[in-house]
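This is the structure, below, for whatever I ask next.
Side-chain atoms are counted along with the backbone in the values below, which use heavy atoms only and exclude waters and symmetry mates. In the text below, chain A, chain B and the rest are named by the order of the sequence lines, each starting its count at 1. Since this is a predicted model, take the numbers as computed values, not measurements.
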Number of protein chains: 2
Amino acid sequence: MAMRDNGTEQLIKDTAKRIFFAEGKTNATTQDIADAAGVTRTLVNYYFRSKDVLFKRVFDEAMIDTRNRFDEVLSAPLAFPKKVEKFIDVFYNEALKFPYKEAFMISEINSHEFALKQKEAPEALKIFLQDIKKEMDNGTIKKMKPMNFMLNLFSLMAYPLLTRPLFQRTFELTDTQYETLLKDRKKMILEILMP
Amino acid sequence: MAMRDNGTEQLIKDTAKRIFFAEGKTNATTQDIADAAGVTRTLVNYYFRSKDVLFKRVFDEAMIDTRNRFDEVLSAPLAFPKKVEKFIDVFYNEALKFPYKEAFMISEINSHEFALKQKEAPEALKIFLQDIKKEMDNGTIKKMKPMNFMLNLFSLMAYPLLTRPLFQRTFELTDTQYETLLKDRKKMILEILMP
DNA sequence: TTTTTGTTTGACATTAACGTCAGACAAAAG
DNA sequence: CTTTTGTCTGACGTTAATGTCAAACAAAAA
């Protein structure tokens, strides 16, 4: 086929994402990815010049993807509590599909090659911070630096996912038990943040 | 010297810890570590049979070290609020010394080779969970699963450290600004958890 | 058809990181 | 002193992972 066919390229990227984010094989080689995608390794080098390029592309697209997902909720015309609630839902649904994505991103973010593409803070985040400020002025939520409120929300959602392997084994919980725990947290997070 | 001398062995381990936890070079090679320690790479293989062994030892000792630090506070005969406050202090002091330790541990925990040494939950954690339960019964803190309270505490402390490179750059904060933010969080965490 | 263009493959070259080994060396034990 | 034991070094071999290349191939364009 002579037509510009990005089917294979997409397949490789999707496979890489699956391996990294869903299966948690952070040290996968290009061979592993090629095998899983059912193509030869040479093809990986044909579409992406090097392993590094592929990795960075996967990472960047994951960042953008996550941001878009967040933006949609955070800039939606919803009442504040509903917005937060929906945000938690979106976050957990993604986490359910890609259990290792968070941990992967944390690693990359903390690597020294990490560089931000966009310079400014995303518009949606700014809107959300303004929402938070407004709620504080209204007395709906406890007064603090809006940034701290946001950090709290992210923390309470994400951290139990990041440490899941440790906590689940330490307290000898089954998969379903831990998932119940996570599900319970949604209500609890809302109560804590907006008492 | 024919005397059993664990000076060099210790030096290598300490250097590795510094490189991983303080400098954040997670992909450091045995050569890097040997160079930084001022010894030949062969020595690394002499004391630790392989790279894997060295890495696992560093990780395991870091786990134990952290646990001991926590245990000391968590099982101390302190009033609950004081205990939590001190715990946050201990946590942040460690984070200040080893900014990348958390991220490193998260990576390891989420790798598929991760295995827990000890089977049971540490005694100190059990004590802490009982403390929490007691406070809830007393009505001092909001009722929830004690495990969730613990998760919240860890989350609120740790997550802003894990995502520091991302948040700091996104909102264009200087090092001192972010550290101020972190310092402010201590009071805020206490207020949130024990209103 | 022939040509052109993009796709795919297998074989090869390169490299970086790791592990081993024989032997040098120094200090304590005999 | 000689022997023994533990420490250290340099050189070497091995491997796994990556990257490159020429050529085969298929489909669209000429």
Subject >> Test: A/D32 and A/K25 ion pair at under 4.0 Å >> reply: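 Not counted as a salt bridge, because no side-chain N and carboxylate O are separated by less than 4.0 Å.
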
Original post:
C/dG19 base to B/R49 side chain: any donor-acceptor pair below 3.5 Å?
Top reply: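 Answer is no: no donor-acceptor pair is held.
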
Subject >> Any residue of residues 21-39 of chain B with a heavy atom less than 4.0 Å from an atom of DNA chain D >> reply: none

Original post:
What integer distance in Å separates A/E9:CD from C/dG6:P?
Top reply: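 After rounding, the gap between these two atoms is 14 Å.
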
Original post:
So does A/R164 pair up with A/E102, basic N to acidic O under 4.0 Å?
Top reply: no

Original post:
Please give, in whole Å, the distance from C/dT9 P to A/L43 CG?
Top reply: 5 Å

Original post:
Any Lys/Arg nitrogen of A/D14 or A/R18 sitting under 4.0 Å from an Asp/Glu carboxylate oxygen of the other?
Top reply: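 Salt bridge absent between A/D14 and A/R18.
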
Subject >> Side chains of A/T29 and A/Q31, donor plus acceptor under 3.5 Å >> reply: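 Per modelled atom types, A/T29 and A/Q31 side chains form no pair under 3.5 Å.
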
Subject >> Phosphate OP1/OP2 of D/dG19 contacted by A/T42 side-chain N/O (<4.0 Å) >> reply: no

Original post:
Between B/E123 and B/R67, is the closest basic N to carboxylate O distance under 4.0 Å?
Top reply: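 No, no charged N to carboxylate O under 4.0 Å.
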
Original post:
To the nearest Å, how far apart are A/K51 NZ and D/dT20 P?
Top reply: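 It is 15 Å, rounded to the nearest whole Å.
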
Original post:
Separation of B/L11 atom CG from D/dT7 atom C1', in whole Å?
Top reply: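 In whole Å, D/dT7 C1' and B/L11 CG are 14 Å from each other.
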
**OP:** Salt-bridge test for B/K56 and B/D60: reply yes if a basic N is under 4.0 Å from a carboxylate O, no otherwise.
**Re:**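 No, no charged N to carboxylate O under 4.0 Å.
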
Subject >> A/Y46 OH - C/dT5 P separation (whole Å) >> reply: 13 Å

**OP:** To the nearest Å, give me how far apart CZ (B/F48) and P (D/dT7) are.
**Re:** 12 Å

**OP:** Let me know the distance between CG of A/L54 and P of D/dA17, rounded to the nearest Å.
**Re:**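 The answer, rounded to whole Å, is 16 Å.
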
Original post:
Closer than 4.0 Å, any side-chain N/O of B/T40 to the OP1 or OP2 of D/dC8?
Top reply: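 Checking B/T40 against D/dC8: no side-chain N or O falls below 4.0 Å of OP1 or OP2.
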
Original post:
Just how far, in rounded Å, is P of D/dT7 from CG of B/N45?
Top reply: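 Checked: the CG to P distance equals 16 Å.
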
**OP:** Have a look at B/D131 and tell me which of B/K83, B/K82, B/K126 forms a salt bridge (Lys or Arg N to Asp or Glu O under 4.0 Å) with it.
**Re:** B/K83

